[in-house]
Amino acid sequence: MTIGETLKNHRVTQQMSQEEVATKILVTRTSISNWETGKTVPDSLNLLKLSTLYGCSVDELLKKERAGMKKNFRTMTYGAGLKDGTMRLKIETDASKFFPRGVEVKASVDLETGEVTFFVEQEDLQKLKAATDEK
């Protein structure tokens, strides 16, 4: 759930119109609409005013938004050395090795906890196995 959806749910639960909320926290009705539709987000002072008006904490307004915040990354490796100055993903083992050319690693980062999860597709696992078998 986005912060806009959370704000709208609280407003509707309180049986208030956008105009009523705007008047109580001293902003325009357009600001309320923009926040609820996700066009913009309220600043910290307005979040505090909204939390007071809705009888909840600022954390409650933001928590559902943070829970859905994950970012996915993709990394491609090219070649087996650093002679060309290209950065590569390096996996530390007893014998440090770079991934073989063309292996793609995906990472999902939970922006709230900082937890990182790496993914390697089946096709890329076969490339890794073939590279290991060659050595």
Side-chain angles (χ1 to χ4, degrees):
M1 181 177 285
T2 67
I3 188 169
E5 293 167 333
T6 302
L7 292 173
K8 184 174 182 177
N9 285 344
H10 279 284
R11 178 179 59 77
V12 171
T13 300
Q14 299 285 330
Q15 299 179 340
M16 298 175 74
S17 68
Q18 288 182 342
E19 189 66 44
E20 289 172 308
V21 172
T23 301
K24 290 183 187 245
I25 67 166
L26 305 174
V27 297
T28 64
R29 188 210 54 81
T30 305
S31 292
I32 302 297
S33 176
N34 287 341
W35 298 340
E36 290 183 358
T37 58
K39 290 180 183 173
T40 60
V41 293
D43 62 21
S44 57
L45 178 60
N46 285 317
L47 279 171
L48 186 58
K49 290 178 185 179
L50 288 164
S51 71
T52 302
L53 180 64
Y54 296 146
C56 64
S57 68
V58 172
D59 193 51
E60 285 179 70
L61 295 177
L62 297 175
K63 193 168 191 147
K64 291 179 183 170
E65 174 84 357
R66 284 195 318 251
M69 292 176 68
K70 284 195 176 187
K71 180 141 181 139
N72 291 318
F73 298 91
R74 290 172 38 148
T75 304
M76 287 291 285
T77 60
Y78 301 95
L82 286 175
K83 292 179 183 175
D84 61 1
T86 305
M87 296 294 292
R88 291 176 184 78
L89 180 64
K90 185 176 179 181
I91 302 298
E92 296 290 334
T93 63
D94 291 338
S96 298
K97 298 178 184 178
F98 288 100
F99 281 0
R101 183 182 186 106
V103 172
E104 183 176 76
V105 177
K106 297 175 186 173
S108 175
V109 180
D110 184 317
L111 300 177
E112 183 176 4
T113 63
E115 179 181 331
V116 180
T117 306
F118 291 96
F119 307 79
V120 179
E121 299 284 339
Q122 185 66 36
E123 178 182 310
D124 291 325
L125 285 174
Q126 291 170 352
K127 289 179 188 176
L128 286 170
K129 184 176 180 338
T132 304
D133 290 345
E134 290 174 5
K135 294 183 180 186

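Along the sequence shown, the residues carry numbers beginning at 1. This is a predicted model, so every value here is computed, not measured.
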Sequence neighbours excluded - ring-ring contact (aromatic ring centres under 6.0 Å, His included) pairs with any residue from residues 16-40:
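Those involving residues 16-40 do not exist here.
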
Is the shortest side-chain heavy-atom distance between [X] and [Y] below 4.5 Å?
{"X": "Leu50", "Y": "Cys56", "answer": "no"}
{"X": "Ile25", "Y": "Ile32", "answer": "yes"}
{"X": "Ile3", "Y": "Leu47", "answer": "yes"}
{"X": "Leu62", "Y": "Thr6", "answer": "no"}

Which residues share a side-chain contact (heavy atoms from CB on, under 4.5 Å) with [X], sequence neighbours left out:
{"X": "Ser17", "result": "Glu19, Glu20"}
{"X": "Asn34", "result": "Thr30, Lys39, Thr40"}
{"X": "Gln15", "result": "none"}

Steps toward side chain to side chain contact (heavy atoms under 4.5 Å, CB included) verdict (Leu61, His10):
CA-CA 9 Å; Leu61 295 177; His10 279 284; 3.6 Å; yes

State the CD-OG1 distance between Gln18 and Thr23, to the nearest 0.5 angstrom.
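Between Gln18 CD and Thr23 OG1, I get 11.5 Å after rounding to 0.5 Å.
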
Output, in order, the C-alpha distance, side-chain angles, deciding distance and verdict of side chain to side chain contact (heavy atoms under 4.5 Å, CB included) for Gln14 and Val21.
CA-CA 10 Å; Gln14 299 285 330; Val21 172; over 6 Å; no

Taking salt bridge (charged side-chain N to carboxylate O under 4.0 Å, His left out) as the cut-off, I'd like each qualifying pair that reaches into residues 24-36, sequence neighbours left out, listed once.
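Residue pairs with at least one partner in residues 24-36: Arg11-Glu36.
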
Qualifying side chain to side chain donor-acceptor pair (under 3.5 Å) pairs, either residue in residues 45-55, two or more places apart:
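Applying side chain to side chain donor-acceptor pair (under 3.5 Å) to every pair that reaches into residues 45-55, excluding sequence neighbours, yields Asp43-Asn46.
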
